[in-house]
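What follows is one structure encoded as structure tokens, with my remarks underneath.
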Amino acid sequence: MNSGRGVFIAFEGGEGAGKSTQARMLADALRKRGLSVVTTREPGGTPGAEAIRDLLLSPPGNAWTAESEALLFAAARADHVAHLIRPALARGDWVICDRFVDSSRAYQGGAGAIGDSAILGLHEFGSSGMRPDLVVLLEGDEASLAARLAARDGNTSDAIGGRPASYHRAVAAAFRALAVSEPHNFARIDAIGDPHDVHAAIMKALAPLLPAGNP
Ligand code: TMP
């Protein structure tokens, strides 16, 4: 649980899983129920963290080392948590975030071989180890996700999205392993198919977090 009065939901998954679409659909559904919702993303969400996003996704010099990359993600997250997420939760808002610390655990910790305990250590230092109330992990088979990504981005990709298929396969495996070992933190949702069906599955997973009388 977070320490505020609001509810913190993170969307996670590999490239092309439909996180942004589903985050938007969830925000709309919650607002229709009269709830106050803040949508945000990582890396980013505050001016400082958005500046770090640019550094990460378009490195100005040589590629970042794995260690510097992990530190930059943790620094962006610390700013985001302090200046946007915690204040919103303290007001009692719902916060819906497109990616959070489990992306660092899967990309840098797993695929990037930094290791989970180093990522969790950085997160403890930067953001007091803050956890979402629920992580919605969107999963799908590699071929379907790649087709969706090609339709969305064509040949353009950033410094991390453009890494080889083996890296993204390791990311997916790392997310799966986290969800299996921490089932209380994650709702695993099949992301392939009609976005409205995916949304319905997400609403079902979130039902226990909705206020009483607001199913
Ligand atoms: P996006 O495409 O979902 O906006 O995310 C930007 C890229 O950053 C994406 O390739 C995933 C990557 N990423 C990490 O490697 N570690 C992290 O902690 C986060 C938040 C994103």
Side-chain angles (χ1 to χ4, degrees), residues 8-24 26-27 39-46 48-59 63-82 84-85 95-127 129-132 135-140 142 145-146 148-175 177-178 185-186 191:
F8 180 21
I9 306 294
F11 278 83
E12 295 284 10
E15 324 281 318
K19 291 178 301 302
S20 312
T21 304
Q22 289 301 327
R24 205 166 38 243
L26 175 61
T39 56
T40 186
R41 69 169 181 182
E42 289 210 343
T46 57
E50 290 289 336
I52 297 175
R53 178 187 179 93
D54 291 341
L55 292 174
L56 278 160
L57 301 186
S58 307
W64 298 109
T65 64
E67 289 78 8
S68 44
E69 185 176 291
L71 285 161
L72 285 168
F73 275 112
R77 185 162 299 123
D79 191 69
H80 190 207
V81 165
L84 189 145
I85 298 178
V95 174
I96 300 175
C97 192
D98 187 341
R99 298 192 181 280
F100 193 62
V101 67
D102 297 307
S103 275
S104 284
R105 298 174 78 192
Y107 282 78
Q108 285 69 48
I114 291 281
D116 199 40
S117 60
I119 300 297
L120 291 178
L122 292 178
H123 188 51
E124 189 59 40
F125 176 70
S127 303
M130 178 182 231
R131 286 283 327 157
V135 177
V136 176
L137 176 60
L138 296 178
E139 297 180 299
E142 192 178 326
L145 295 180
R148 202 186 267 181
L149 195 61
R152 189 190 75 184
D153 289 357
N155 286 326
T156 63
S157 55
D158 56 54
I160 297 176
R163 287 177 183 166
S166 56
Y167 180 89
H168 292 289
R169 217 168 285 135
V171 168
F175 271 131
L178 290 174
N185 283 335
F186 290 84

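Order of appearance sets the numbers: ligands from 1, and atoms from 1 within every ligand.
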Taking 4.0 angstrom as the limit and counting only heavy atoms of [X], give me the atoms of ligand 1 inside it, by number and element.
| X | result |
| --- | --- |
| Ser103 | 16 (N), 17 (C), 18 (O), 19 (C), 20 (C) |
| Pro43 | 20 (C), 21 (C) |
| Gly161 | 10 (O) |
| Glu42 | 20 (C) |

Main-chain N/O of [Y] paired to [X] side chain as donor or acceptor, under 3.5 Å:
| X | Y | value |
| --- | --- | --- |
| Trp64 | Leu71 | no |
| Glu12 | Val136 | no |
| Lys19 | Cys97 | no |
| Arg53 | Pro43 | yes |

Check your understanding: Can a non-hydrogen atom of Arg41 be found less than 4.0 Å from any atom of ligand 1?
Key -> no
Review point. Does ligand 1 have any atom that is closer than 4.0 Å to a heavy atom of Arg53?
Key: yes
So which protein heavy atom does [atom] come closest to, and at what separation?
| atom | value |
| --- | --- |
| atom 18 (O) of ligand 1 | Ser104 OG, 2.6 Å |
| atom 14 (C) of ligand 1 | Phe73 CZ, 3.1 Å |
| atom 9 (C) of ligand 1 | Glu15 OE2, 3.4 Å |
| atom 7 (C) of ligand 1 | Leu57 CD2, 3.9 Å |
| atom 1 (P) of ligand 1 | Arg99 NE, 3.7 Å |

Exercise for review: Return a yes/no value for Gln108: is any of its N or O atoms, backbone included, closer than 3.5 angstrom to an N or O of ligand 1?
Suggested key: yes
Review point. Hey, does Arg77 come in under 3.5 Å of ligand 1, counting only N/O atoms on both sides?
Key: yes
Exercise for review: Taking the side chain as every heavy atom from C-beta outward, state whether Ile96 and Arg24 have any pair of such atoms under 4.5 Å apart.
Suggested key: no
Check your understanding: What closest approach, in Å, do Ala70 and Ile119 show between heavy atoms, and which atom pair accounts for it?
Key -> CB-CD1, 4.0 Å
Exercise for review: Measure the acute angle between the ring planes of Tyr107 and His168, then classify it against the limits of 30° and 60° as parallel, tilted or perpendicular.
Suggested key: perpendicular
Review point. Hey, are His80 and Thr40 close enough side-chain-wise for a donor-acceptor pair under 3.5 Å?
Key: yes
Check your understanding: Cation over ring, Arg77 on Phe100, under 6.0 Å and within 45°?
Key -> yes
